[in-house]
Amino acid sequence: MLAAVTSDRDGPTLARFTDDGTPLSPPARVRDPAEFHRVEAEHRPRWLFDSTAETYPLLLTAGARVRRSHDIALTERILLGRAGRFGEACRAPAVLARAAGTPVPDDPAVPDPVPASRPPDQPGLFDSEPARRRAPVTPDDLVTAYLDQQRRTADAACGPAATTAGIAVPGGALRLLIAAESGSALVAVEMTRRGLPWDAAIHQRILTDTLGPRPATGQRPARMAQLADDITSAFGFPVNPDSAIDLRDAFRRSGFDIETTRAWVLREIDHPAVGSVLQYKDLARLYTANGWNWLADWVSDGRLVSEYLPGGVVSGRWATRGGGGLQLPKSVRRAAVAQPGHVLVVADAAQLEPRVLAAVSGDAGLAAVSAGADLYDALAAGGFGGDRRHAKLAMLGAMYGQTTGEAARLMATLRVRYPAAVGYVEAAARRGEAGAVVRSVLGRACPPPSARWRRLVGESGSGGDESSGGDGDLGAATDGGGVPRDARPGVGGTERRARQAARDRGRFTRNFVIQASAADWAAVWLTVLRLSLLDVPGAELVFFQHDELIVHVPAEHADRVADLIVAAADTARELVFPGSEVQTPVRPVAVSCYADAK
DNA sequence: GCGGGGGGCGCC
DNA sequence: AAAGGGCGCCCCCCGC
């Protein structure tokens, strides 16, 4: 059964349909919110939402947590992305109108949710921001759109396009991705509402211990002010350590010709100011990113409230809006504390990305290595002389596209021992360099190159296979897409920029096939776990970060939750990587404080 | 004065 | 030892 919910300023409207769209109950205003609860309890339908983030809160407020759903907007984004049409799916009502064959009336009084400054072919963060402009969406529109998407999903799943870098997509992969994306949207709404338990007093203690007392507005905290004075004394003239330009010029005046003031550059420099500068950077980071202002803005009633946006990243990872919920530094995790009588069950997937590589590439050797608990130990034993650090460096280099230095050398070993795995990411890189698109294991497509990229790379002609050796003399001078300092005008510069752009995209697509496939797995993990947690009293998913999650639960249910987390990970592995011997182990641990989890 | 872009750094 | 993928956020800087 399908239960379609729309809402406008007069409140929600609900209608029920059979799975093939035959009306069961006509659209009716929901006067009593308990109606949602009744429908869920009696029928357990698949709920259809234009946008889960907009509509599901209405149900939650009525106390109705649903089991299954379908998010039209998120699904449309996936489907359009596969057609190379990124950035079109963000306005959910337009999606519906497209499916219904009716035009969307533009309301000029309401700003377009996509900033006009973004080039139209630039796939950036398409906002999962709720569309501000309203089309007259009805439950019938929702069902029409749903059936249309079901048909397109089925078509995609059996066509020749259903392969990723030459590997057949398992049956129903795209359907699974859409279910997981919709399930993730339910999790995100619930998580956004409850927040991560956060003890403001502990956080404040961390701040005063590290920075000194909270300063008056416009003042630096005491420790930072002292370090700033130390820096000025060390140079012998006034320097503002908040200004990278000022700092760089100060080092240049002192005889150190540095390009940037990044910490790793400064660490190589023998100058009396370096120690204070590095300490200042550390403190400034805490002060500005997670200081008193952050606490006041994002923590209330003992919860850190950040808005979670599933699918907010092109790879399918989540993003956050406000609060930086996915960037909580370890230094403040001491403040994430379970409420009395509760624990935090913290679980992360160990070495997820290399395991994903083993699974998607079908590399038998790497799959064997991935069958164990510590992948890097096994990898080290099988070709790196037992050196775990080398093994890890080589693997990261392969997945991120390192082409120089130690990691590149170590990758040679990896290539010999695990040719299918290395070949897989290198094939993805070559496709990217050629302007093609790659996909995750469940079929999420990466964005096509921009028109600017195609002009730049297309016109200068590709040089075939790039030499993977170090021709770092040219590449090193360019940074962040800027023009190299010693660039000569003319054809040579264009060719160099074109090569650079091609390589950049190659690294992107190389990483995409791993990162996006890992996100596929994690979304399934999360969705399966959410369903099983509905039966555990008081269990709340309160945090999710790429390959790690936290469940807040009464202490007596901690063991049960840990088992469910492990079971969900196993289910995700079977669904996403059927037939693979690769394991995706997770390690739940019950703690009262997040900082104790590692 | 505002906003976009860049530098820098935290998370994965 | 060297500086690769994806983000969000803050500050500074600079151009409008």
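Here is the naming used below: chain letters follow the sequence lines, and residue numbers restart at 1 for every chain.
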Task: Working for side chain to side chain contact (heavy atoms under 4.5 Å, CB included), residues Tyr308(A) and Leu326(A) - done: CA-CA 9 Å; Tyr308(A) 298 94; Leu326(A) 299 187; 4.1 Å; yes

Short side-chain N/O contact to [N] OP1/OP2 from [X], under 4.0 Å:
{"X": "Thr261(A)", "N": "dG8(B)", "answer": "yes"}
{"X": "Ser331(A)", "N": "dG10(B)", "answer": "no"}
{"X": "Arg317(A)", "N": "dG6(C)", "answer": "no"}
{"X": "Lys330(A)", "N": "dG10(B)", "answer": "no"}

Task: Pair Glu181(A) + Arg77(A): basic N to acidic O under 4.0 Å - done: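 No.
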
With sequence neighbours excluded, give me every salt bridge (charged side-chain N to carboxylate O under 4.0 Å, His left out) pair touching [range].
{"range": "residues 284-297 of chain A", "answer": "none"}
{"range": "residues 214-223 of chain A", "answer": "Arg220(A)-Asp242(A)"}
{"range": "residues 387-411 of chain A", "answer": "Asp374(A)-Arg388(A), Asp377(A)-Arg388(A), Arg389(A)-Glu406(A)"}

What contact category does [X] fall into here, base, sugar-phosphate, or nothing, at under 4.0 angstrom with non-hydrogen atoms?
{"X": "Gln515(A)", "answer": "base"}
{"X": "Arg409(A)", "answer": "nothing"}
{"X": "Ala263(A)", "answer": "sugar-phosphate"}
{"X": "Gly324(A)", "answer": "sugar-phosphate"}

Open item on the list: Using the rule side chain to side chain donor-acceptor pair (under 3.5 Å), only one of Trp294(A), Trp198(A), Trp292(A) pairs with His203(A); which is it?
Closed with: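 Of Trp294(A), Trp198(A), Trp292(A), side chain to side chain donor-acceptor pair (under 3.5 Å) with His203(A) is met by Trp198(A) alone.
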
Can you tell me how far [atom2] of [N] sits from [atom1] of [X], to the nearest Å?
{"X": "Phe508(A)", "N": "dG6(C)", "atom1": "CZ", "atom2": "P", "answer": "6 Å"}
{"X": "Leu410(A)", "N": "dA1(C)", "atom1": "CG", "atom2": "P", "answer": "13 Å"}
{"X": "Arg262(A)", "N": "dG10(B)", "atom1": "CZ", "atom2": "P", "answer": "12 Å"}
{"X": "His546(A)", "N": "dG10(B)", "atom1": "NE2", "atom2": "C1'", "answer": "11 Å"}
{"X": "Asp547(A)", "N": "dG6(C)", "atom1": "CG", "atom2": "P", "answer": "18 Å"}
{"X": "Glu307(A)", "N": "dC9(C)", "atom1": "CD", "atom2": "P", "answer": "11 Å"}
{"X": "Glu268(A)", "N": "dA1(C)", "atom1": "CD", "atom2": "P", "answer": "9 Å"}
{"X": "Arg444(A)", "N": "dG6(C)", "atom1": "CZ", "atom2": "P", "answer": "16 Å"}

Task: Heavy-atom protein contacts under 4.0 Å, nucleotides 10-16 of chain C, coded B base, S sugar-phosphate only, - none - done: SSSS---

- [ ] Dot-bracket notation for DNA chain C is requested: 5' to 3', Watson-Crick or G-U wobble pairs only, both distances under 3.5 Å, with ( ), [ ], | and . as defined.
- [x] ....||||||||||||

TODO: Kindly state whether the ring of Phe235(A) and the ring of His271(A) have centres lying under 6.0 angstrom apart.
DONE: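 Yes - the distance between ring centres of Phe235(A) and His271(A) falls below the 6.0 Å cut-off.
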
Task: Val345(A) and Val589(A), any side-chain heavy atoms less than 4.5 Å apart - done: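 Val589(A) does not reach Val345(A) side chain to side chain.
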
- [ ] Return the stacking result for dG4(C) and Tyr400(A): yes when the ring centres lie under 5.5 Å apart and the planes under 30°, no otherwise.
- [x]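 Base of dG4(C): not stacked against Tyr400(A).
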
Task: Stacked cation flag Arg253(A) on Phe237(A), 6.0 angstrom / 45 deg - done: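 Flagged: Arg253(A) positioned over aromatic ring of Phe237(A).
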
Open item on the list: Between Arg267(A) and Gly322(A), which residue's closest nucleotide on DNA chain C lies nearer the 5′ terminus?
Closed with: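 The answer here is Arg267(A).
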
Task: With Phe384(A) via ring pair (Phe, Tyr, Trp, His ring centres under 6.0 Å) - residues at least two apart - done: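 Checked Phe384(A) against ring pair (Phe, Tyr, Trp, His ring centres under 6.0 Å); zero matches.
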
Open item on the list: When you compare the side chains of Thr192(A) and Glu307(A), does any donor N or O come within less than 3.5 Å of an acceptor on the partner?
Closed with: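 No.
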
Task: Under 3.5 Å donor-acceptor pair, Arg285(A) side-chain atoms to dC9(B) base atoms - done: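 For Arg285(A), whose side chain was compared with the base of dC9(B), there is a donor-acceptor pair (under 3.5 Å).
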
- [ ] Would you state whether a donor and an acceptor, one from the side chain of Gln327(A) and one from the base of dC9(B), lie under 3.5 Å apart?
- [x]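 A donor-acceptor contact between them is absent.
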
Task: Glycosidic conformation of dG6(C), taking syn as within 90° of 0 and anti otherwise - done: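 Anti, since the glycosidic angle lies more than 90° from 0.
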
